[in-house]
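Written out below as structure tokens is the structure these notes cover.
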Amino acid sequence: MNAAFTSKCSKVGSTLLRHFGNNISGILGKPCESVAKPSCNHIFSQQQQRTFIQMRTNLKVVDNSGAKRVMCIQALKGRRGARLGDTIIASVKEAQPRGKVKKGEVVYGVVVRAAMQRGRCDGSEIKFDDNAVVLVNKQGEPIGTRVFGPVPHELRKKKHVKILSLAEHIA
């Protein structure tokens with residue numbers, strides 16, 4: 001099937017392939033040179049834009065402090081918002097009945113997972129499916145005794161080594 005399609009496309013000529021750009025050449029498996037590369041920004045504009053963690057962002061709590069979900073009140077560093085490893089001030093929106101924190105409390109938290117991409121030193125990028133936080137006190141010590149799910153090793157640079165030691169999996 002693919003060979004028949006390739007032979008038909010080669011009979012049509014390279015002008016048709018130039019019209020579709022390099023995307024069709026990747027499907028066919030052979031390179032084609034194109035004069036003008038078509039813009040496909042309109043295709044990706046329908047996707048949700050991944051941004052900083054800012055005011056009123058809901059975050060999942062991934063420790064056993066008793067809170068299930070918090071809402072960001074303020075990012076303590078930077079004007080745009082918080083990224084991986086940054087500290088935020090949050091309000092507890094959902095909590096377990098007999099936890100250490102209660103619904104409505106104002107708490108500090110460290111962002112351990114963010115949906116926004118972040119570049120690494122080796123050139124790769126890391127991003128997660130959700131926004132998650134670990135609750136800490138004012139001194140930066142975790143309130144809970146366990147951290148669930150993957151935690152990026154970039155927290156070591158931000159001096160959150162205690163969170164890394166409690167984590168199940170370091171990404």
Please lay out, stage by stage, how K68 and V61 fare under the test side chain to side chain contact (heavy atoms under 4.5 Å, CB included). CA-CA 5 Å; K68 293 181 182 177; V61 179; 5.9 Å; no
Minimum heavy-atom distance L164-P152, with the two atoms named: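 Closest approach of L164 to P152: CD2-O, 3.6 Å.
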Contact summary for F52 and R80, nearest pair of heavy atoms: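 Taking every non-hydrogen atom into account, CE1-CD, 3.4 Å.
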Donor-acceptor contact present, side-chain [X] to main-chain [Y], <3.5 Å:
{"X": "D130", "Y": "A132", "result": "no"}
{"X": "N64", "Y": "R146", "result": "yes"}
{"X": "R113", "Y": "P150", "result": "yes"}
{"X": "H160", "Y": "G85", "result": "yes"}
{"X": "K102", "Y": "G99", "result": "yes"}
{"X": "N131", "Y": "L59", "result": "no"}
{"X": "D63", "Y": "L135", "result": "yes"}

Hey, could you give me the CG/NZ distance between D129 and K60, rounded to the nearest 0.5 Å?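 Here the interatomic distance stands at 10.0 Å.
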The test is side chain to side chain contact (heavy atoms under 4.5 Å, CB included); show your working for V112 and V133 and say whether it passes. CA-CA 5 Å; V112 294; V133 69; 5.8 Å; no
Should we count NZ of K100 as having more than 12 external heavy atoms under 6.0 Å?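 Atom NZ in K100 is crowded, with more than 12 foreign heavy atoms closer than 6.0 Å.
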Check each of R120, R83, R118 against E154 using the side-chain hydrogen bond (donor to acceptor under 3.5 Å, both in side chains) test, and report the only one that passes.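 It is R120; the other options fail the test.
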Any Lys/Arg nitrogen of K158 or D86 sitting under 4.0 Å from an Asp/Glu carboxylate oxygen of the other?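 Looking at K158 and D86, the cut-off is met.
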